[in-house]
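Written below as structure tokens is the structure these notes are about.
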Amino acid sequence: MEVNVKGITVRTVDYKDSDKIITVFTLESGKISVSAHGIRKATAKMKAIAEPFCFAESVLIFKSGRYTLKEINVIDTFYPIRTDIVKYYAGMTALEFTNAVMQENLEAKEYFVLLVEFLKKLAYSTEKPKNALIEFLAGALKDSGYSIDFSRCGRCGNEISGRVYLSVSDGCNCCENCKTAGDREYSVDTYNYLKAVVGGQGVEYSDDFSGNALKFFAYYINSVTGVELRSLETLINI
């Protein structure tokens with residue numbers, strides 16, 4: 001049976017002498033694994049799909065519970081992401097998160113749109129890559145069931161103006177009056193930066209703020225999912 005899907009390549013693994021197993025996050029079926037025969041050969045016509053970020057419409061053969069690549073029509077490769085090291089690792093962080101958190105064969109259309117729009121913004125807009133990634137991670141966590149609110153205290157509902165604490169167990173930020181054992185204090189400056197960026201406000205902060213904000217997400221994601229995003233760690237150190 002042939003099926004048509006639109007998807008983004010999030011991961012590839014070499015297989016046999018010239019094949020690859022490609023993980024594609026699709027609009028229609030969520031994350032799927034696709035066998036691409038001969039894709040590593042120099043003469044392969046569909047090699048574009050073996051590169052991260054490739055957004056393509058693909059014709060797949062589905063047989064015995066497995067997908068095999070038949071043909072592709074590339075929609076976008078988001079090439080500018082490859083020309084800037086910060087954009088590259090920001091993009092790879094999004095792909096890593098997607099591969100780690102999204103379940104096989106589970107449709108997630110809102111998340112798919114979020115990922116495509118993030119890659120477009122990363123490739124073609126003037127927004128700072130780290131800011132764009134922070135917005136993406138906030139939305140991605142929400143869509144995958146790990147939402148965290150920066151607008152106010154998650155316990156009393158009041159705005160946070162003084163010291164701020166992260167509650168991993170409750171998935172919220174809280175004020176000093178509402179903190180409990182196990183909550184972790186972090187910089188109120190970082191909180192205000194996160195609140196502004198996630199809220200869509202155009203902000204100009206130093207790289208120290210964005211770096212601390214990404215450390216916040218690295219810690220939170222690892223705490224709630226058990227996943228360490230290697231690309232994110234690299235980005236933080238750039």
Side-chain angles (χ1 to χ4, degrees), residues 7-13 22-25 47-56 74-102 111-144 146 148 150 166 186-225 227-238:
I8 296 169
T9 299
V10 299
R11 184 172 182 263
T12 66
V13 176
I22 302 174
T23 303
V24 183
F25 185 65
K47 63 174 61 180
I49 200 172
E51 297 295 331
F53 312 116
C54 181
F55 181 22
V74 175
I75 299 171
D76 201 338
T77 62
F78 304 106
Y79 180 74
I81 295 176
R82 299 174 179 281
T83 66
D84 182 290
I85 190 170
V86 177
K87 287 185 176 183
Y88 177 78
Y89 279 105
M92 288 301 296
T93 296
L95 298 190
E96 261 192 79
F97 182 87
T98 301
N99 184 57
V101 174
M102 291 292 103
Y111 187 101
F112 182 85
V113 172
L114 179 73
L115 180 58
V116 171
E117 292 303 313
F118 165 68
L119 294 177
K120 286 181 180 178
K121 182 181 292 185
L122 196 61
Y124 305 120
S125 80
T126 58
E127 183 171 352
K128 289 184 177 180
K130 291 181 180 180
N131 281 7
L133 177 60
I134 290 165
E135 290 180 65
F136 169 80
L137 288 175
L141 284 164
K142 179 181 179 180
D143 284 355
S144 54
Y146 302 105
I148 182 166
F150 294 96
L166 169 65
Y186 69 103
S187 166
V188 69
D189 289 334
T190 300
Y191 167 77
N192 287 329
Y193 169 84
L194 283 164
K195 182 179 179 180
V197 174
V198 172
Q201 301 176 27
V203 291
E204 289 293 333
Y205 286 91
S206 71
D207 288 341
D208 288 341
F209 283 97
S210 58
N212 288 335
L214 291 175
K215 289 178 183 178
F216 172 94
F217 275 114
Y219 171 78
Y220 182 71
I221 290 169
N222 180 247
S223 296
V224 297
T225 70
V227 173
E228 292 186 12
L229 301 176
R230 294 182 180 179
S231 293
L232 181 54
E233 294 297 330
T234 300
L235 180 63
I236 288 169
N237 292 320
I238 292 176

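From a predicted model like this one, the values you see are computed outputs, not experimental measurements.
We find the NZ-CG distance between K130 and L214 to be 6.5 Å, quoted to the nearest 0.5 Å. Between the NZ atom of K215 and the OG atom of S187 there is a distance of 11.5 Å, given to the nearest 0.5 Å. Interatomic distance, CZ of F78 versus OG1 of T83, reported as 14.0 Å (0.5 Å rounding). Distance check: T77 OG1 to I8 CD1 gives 12.0 Å after rounding to the nearest 0.5 Å. Atom CG of residue L133 and atom CG of residue L122 lie 8.0 Å apart, to the nearest 0.5 angstrom. Atom OG1 of T190 is separated from atom CG of L166 by 12.0 Å, given to the nearest 0.5 angstrom.
Put simply, the side chain of V198 does not reach to within 4.5 Å of the side chain of E135, judged on heavy atoms. For the pair Y193/N212, no side-chain contact is recorded, criterion being any heavy-atom separation below 4.5 Å from C-beta on. Between V10 and V24 there is no side-chain heavy-atom pair separated by less than 4.5 Å. Using a 4.5 Å heavy-atom cutoff, the side chains of D76 and F53 are not in contact. Inter-residue side-chain proximity for I85 and I238 is flagged as met; some heavy-atom pair is nearer than 4.5 Å. Annotation: side chain of V74 is not in contact with side chain of I49 (no heavy-atom distance under 4.5 Å). Looking at F216 and I148, their side chains come closer than 4.5 Å, going by heavy atoms from C-beta outward. Using a 4.5 Å heavy-atom threshold, the side chains of S144 and F97 count as touching.
Residue-environment remark: OH (Y124) exceeds the threshold of 12 foreign heavy atoms within 6.0 Å. Counting non-hydrogen atoms of other residues, nucleotides and ligands closer than 6.0 Å to NZ of K47 gives a total above 12. Within 6.0 Å of the CD atom in E127, the count of heavy atoms belonging to other residues, nucleotides or ligands exceeds 12.
Summarising the geometry of A90 relative to L235, their closest heavy-atom pair is CA-CD2, 4.0 Å, with the distance given to 0.1 Å. Listed here is the closest heavy atom pair of K87 and I81: O-CG2, 3.5 Å. Scanning both residues, T93 and S231, for their nearest heavy atoms gives OG1-C, 3.4 Å. Nearest heavy atom pair, residue F136 against residue A94, reads CE2-CB, 3.5 Å. Closest approach of I134 and A213 over heavy atoms only: CD1-CB, 3.7 Å. Closest approach of P80 to A123, counting heavy atoms only: CB-O, 3.3 Å.
The closest donor-acceptor contact from the side chain of T234 to the backbone of R230 lies under 3.5 Å.
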Checklist entry - Is there a side-chain contact (heavy atoms from CB on, under 4.5 Å) between V227 and N222 once you walk through the steps? => result CA-CA 5 Å; V227 173; N222 180 247; 5.8 Å; no
Checklist entry - After noting the C-alpha distance and the side-chain angles of T225 and Y146, does the key distance pass the side-chain contact (heavy atoms from CB on, under 4.5 Å) rule? => result CA-CA 9 Å; T225 70; Y146 302 105; 3.7 Å; yes
Next on the checklist: Does T23 form a side-chain contact (heavy atoms from CB on, under 4.5 Å) with T98? I'd like the steps, not just the answer.
Outcome noted: CA-CA 10 Å; T23 303; T98 301; over 6 Å; no
Next on the checklist: Please determine whether side-chain contact (heavy atoms from CB on, under 4.5 Å) holds for the pair F217 and L141, giving the CA-CA distance in whole Å, both sets of side-chain angles, and the decisive distance to 0.1 Å.
Outcome noted: CA-CA 10 Å; F217 275 114; L141 284 164; 3.6 Å; yes
Item to check | D84 and Y89: CA distance, side-chain angles, deciding distance, side chain to side chain donor-acceptor pair (under 3.5 Å) verdict | outcome: CA-CA 9 Å; D84 182 290; Y89 279 105; over 6 Å; no
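Applying the ring-ring contact (aromatic ring centres under 6.0 Å, His included) rule to Y220 yields no partners; only residues at least two apart in sequence or on another chain are considered.
Ring-centre distance between F25 and Y111: below the 6.0 Å cut-off.
Here E117 pairs with K120 in a salt bridge; the nearest charged N to carboxylate O distance falls below 4.0 Å. Ionic pairing of E51 and R82 is present here: one or more N-O contacts between side-chain nitrogen and carboxylate oxygen are shorter than 4.0 angstrom.
Ring pair Y191/Y186 is perpendicular by interplanar angle, where above 60° counts as perpendicular and below 30° as parallel.
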